[in-house]
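A, B, ... follow the sequence lines: proteins, then strands. Residue 1 opens every chain. These numbers come from a predicted model, not from an experiment.
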Amino acid sequence: MVIPDASTMPAVESEAQLRALLAGLCGVDAVGAEARAAKLATRSIKRSTKRAALDLAISMVDLTALEGADSPGRIVSLCTKAMRPDPRDPRVPSVAAVCVYADLVAQARTVLGDSSVKVAAVATAFPSGRASLRVKLADVSDALDAGADEVDMVIDRGAFLSGRVGQVFDEIVAVKEVCGRAQLKVILETGELVTYDNVRRASWLAMLGGADFIKTSTGKVVVSATTPVALVMLEAVRDFAESTGHLVGVKVAGGIRNSKDAIHYLVLVNETAGSSWLTPDLFRFGASSLLNDLLMQRLKQQRGAYVRPDEFSGD
Amino acid sequence: MTQHHLANSELGSLDYDPAPESAQIAKLKGAYGLFIDGQFTDPTQHEQFASLNPATEETLVTVAHASAEDVDRAVASARKAYDTVWSKTTGARRAKYLFRIARIIQERSRELAVVETLDNGKPIRESRDVDIPLAAAHFFYYAGWADKLDHAGFGADPRPVGVCGQIIPWNFPLLMAAWKLAPALAAGNTCVLKPAETTPLSALILAEILQQAELPEGVVNIITGDGSTGSALVEHPGVDKIAFTGSTEVGRLIQQRVATTTKRLTLELGGNGANIVFDDAPVDEMIEGIIDGIFFNQGHVCCAGSRLLVQETIADEVLRRLVRRVEQLRVGDPMDKNTDVGAINSAAQLERIKELTAFGESEGATRYTSSCALPDKGYWFAPTVFADVTQSHRIAREEIFGPVLSVLTFRTPEEAVAKANNTNYGLACGVWSEKGSRTLWVAQRLRAGVVWANTYNRFDPTSPFGGVRESGFGREGGRHGLEAYLNV
């Protein structure tokens, strides 16, 4: 009923088999999933737990710059901030990665050097995914050649929604192969998949295809990450780990702007997938303005009073 | 038999710091009298008893013990108010008072939540998010009916019953008071309410709220006491109607006492609800529903889903997930906002739970108990699941009224229905399946007042609630709830 009975990654041999496997996943009751996510939002995270959660959240940020107008100067600023989010306080952890388009990877790589901050590149005709596989793979190769550590690919939602799951699977496998040792994040664009059943199936599809992370959104459509969607994806990685032994990460992206929301997501992770996922290796926030709010809240915890937004740089 | 303690699982450790709500918010007085004729008065016998905090065993306040004489005063006050004021008050004006009460409950919701949790032992998250908002919602809902009784389907100008004696249990003290008072007042009755011996406090705060709302004196009288007080109320000749929520045992006694009189009676009694899980259920939400069905309010819920009937093909998988989830429940200080399961309401109830679960083990069921640490003081019982339970086990037949779940299996829908119905009770059941036709097929065949589909323990003032067979008769909530308080 719930998960394929296999002790290792199930080999996908045909589209029919894949389709049967996805259809065999149990459904999601939308009312129940939303109620569960809302209930977990009532957890009260205070004092040392809050301080730890803020630092953990900072370390999980993929600091993102995905505007057409992004200048090289902005990338320099972003990367500098990524390595040392609060220049006055060395105890503030670095963020996990900066996330940029492929053409800015080289710039980011130069600034970040061999720091712990990774360079993540969105690729495969981000954000729509509307290009031939040849173009998508070339996009990935470009990013890797320029020094990207991680690749955030998009799935072909049109293919998924029309039932061509084999095509989506093959593309993920092909991108994964090009990635080699680079981490592959597979963006489901859950705002376009709409139903939680689709989110669960797409999560499994991506994991079977070799995703290191499954990611909610591009941030380029109206609906981005929501907590019930994150809940369903966290259940998927938990079940996948139980079934196959492979731990796949989750990245929530788009619309997460304040610390309260970020901490809410950490509670979801903690109580759904479990504390093993409370690490930047397995959970990320794709965000830009979130970082400043985390820093402000962090300072507020230390000083006991709120601080001005201008205490921190805009980028 | 075997007792499995799960090793510290990989789950659940962001190690939440304590986030306690402040007990000061309750603003409790040292002692409370009886609320009769709009005033707090001393009991005639000057007897007092203590109300404990079940999480600490500390005395919270002392309350008055109402004697038969006090019951008489309360009933006389209710009769006078009925004859001189309330029966002459228009529906629109009655609605005004009910709306006021509802709004003051909302305004004082934080205080009421704290009082409820201190007195009952339930987690503050539940009293804050469920009990108090629902209590206000019931007053709002029935306020709307007060001037529309002509259109409630009971004919033109339906008349009230008169003086109602209402006896409520300790599991949802304020909410049960709201369930009783709101429809009674909307229909034009006056009331004598007796809260449970172990949880009188929120009803006494409600008495303050009634004063604040300037409800005419005597329309509602609230008298505290034990079984003898309730008994005096049931037997009082001046009472026109008894509404009781509580155990089947006491309900049966009340029905015997009332049998030779003209008193009307509604009873909302025990239950032994079945949660039926088919192999196409939405598993993650179903697990949450099972957890909520049995561990909500420490299982002190008459409609608790205390029997899990799971299709054999997925039984192992469901049990594994269930046990993992039970291990994650946060048991402890009810005042902590992150607590999922609080204290057992009384030493007597804890004793009963222990006794019945001991039978579970001696009769051969497999016990899984959460490895959670329990506080040293207070009444506590770790969340427990029994697997390999059969229909003939005592834990499957009797109402445990605690955080204890019995898991049974079935193979076909017919078998599921037969097992679910194989009980003297008939209050509530749940059905979990993504297949609508099967859910409806099963629901039609269940002998229960309430059937939830893909959810459990959902309450709404617009929806009638009540049982069949030994779970009682009469409905509370919705349009149906008016019938119990109208002379129709």
Legend entry - Part of B:Asp17 lying under 4.5 Å from any heavy atom of chain A: both
Legend entry - Structural part of A:Ala52 lying under 4.5 Å from a heavy atom of chain B: neither
Legend entry - Check: B:Asp15 main-chain N/O paired with A:Thr49 side-chain donor or acceptor under 3.5 Å: yes
Legend entry - Shortest non-hydrogen contact from B:Asp292 toward A:Lys39: OD1-NZ, 3.4 Å
Inset, instruction - Would you mind reporting whether A:Ser44 and B:Asn338 have side-chain heavy atoms less than 4.5 Å apart? - result: yes
Inset, instruction - Kindly compute the distance separating CD1 (B:Ile287) from CZ (A:Arg36), expressed to the nearest 0.5 Å. - result: 11.5 Å
Inset, instruction - Kindly indicate, with the supporting measurements, whether the criterion salt bridge (Lys or Arg N to Asp or Glu O under 4.0 Å) is fulfilled by A:Asp239 and B:Arg321. - result: CA-CA 10 Å; A:Asp239 292 347; B:Arg321 285 168 173 257; 3.1 Å; yes
Inset, instruction - Could you tell me whether A:Gln302 atom CD has more than 12 heavy atoms of other residues or ligands within 6.0 Å of it? - result: yes
Inset, instruction - Could you tell me whether B:Arg110 atom CZ has more than 12 heavy atoms of other residues or ligands within 6.0 Å of it? - result: no
Legend entry - Close side-chain approach of B:Lys337 to A:Thr42, heavy-atom, < 4.5 Å: no
Legend entry - Donor-acceptor contact present, side-chain B:Glu285 to main-chain A:Asp29, <3.5 Å: yes
Inset, instruction - Go through B:Ala19, B:Pro18, B:Gly289 and name the one with the most non-hydrogen pairs under 4.5 angstrom from chain A. - result: B:Pro18
Inset, instruction - State which residues pass ring pair (Phe, Tyr, Trp, His ring centres under 6.0 Å) with B:Phe410; sequence neighbours excluded, sorted by chain then number. - result: B:Phe278
Legend entry - Heavy-atom pair with the smallest gap, counting every atom of B:Glu434 and A:Gly27: OE1-CA, 3.7 Å
Inset, instruction - With a 4.5 angstrom heavy-atom cut-off, could you sort out which part of B:Asp129 is near chain A: side chain, backbone, both or neither? - result: side chain
Inset, instruction - For the residue pair A:Leu278 and B:Leu14, establish whether any side-chain heavy-atom pair is separated by less than 4.5 Å. - result: yes
Inset, instruction - Please list, chain by chain and in numerical order, all residues satisfying side chain to side chain donor-acceptor pair (under 3.5 Å) with A:Arg200, sequence neighbours excluded. - result: A:Glu235, B:Asp284
Legend entry - Contact origin within A:Arg47 toward chain B - heavy atom pairs under 4.5 Å: both
Inset, instruction - Step through the shown structure and confirm whether more than 12 heavy atoms of other residues, nucleotides or ligands are within 6.0 Å of CG on B:Asp316. - result: no
Legend entry - Under 4.5 Å from any heavy atom of chain B - which part of A:Val267: both
Inset, instruction - Considering non-hydrogen atoms only, spot the tightest contact between B:Arg458 and A:Ala35 and give its length. - result: NH2-CB, 4.1 Å
Legend entry - Pairwise distance CD(A:Glu271) to CG(B:Leu329) - rounded to 0.5 angstrom: 9.5 Å
Inset, instruction - Output yes when a side-chain donor or acceptor of B:Arg125 lies under 3.5 Å from a complementary backbone atom of A:Arg43, and no otherwise. - result: no
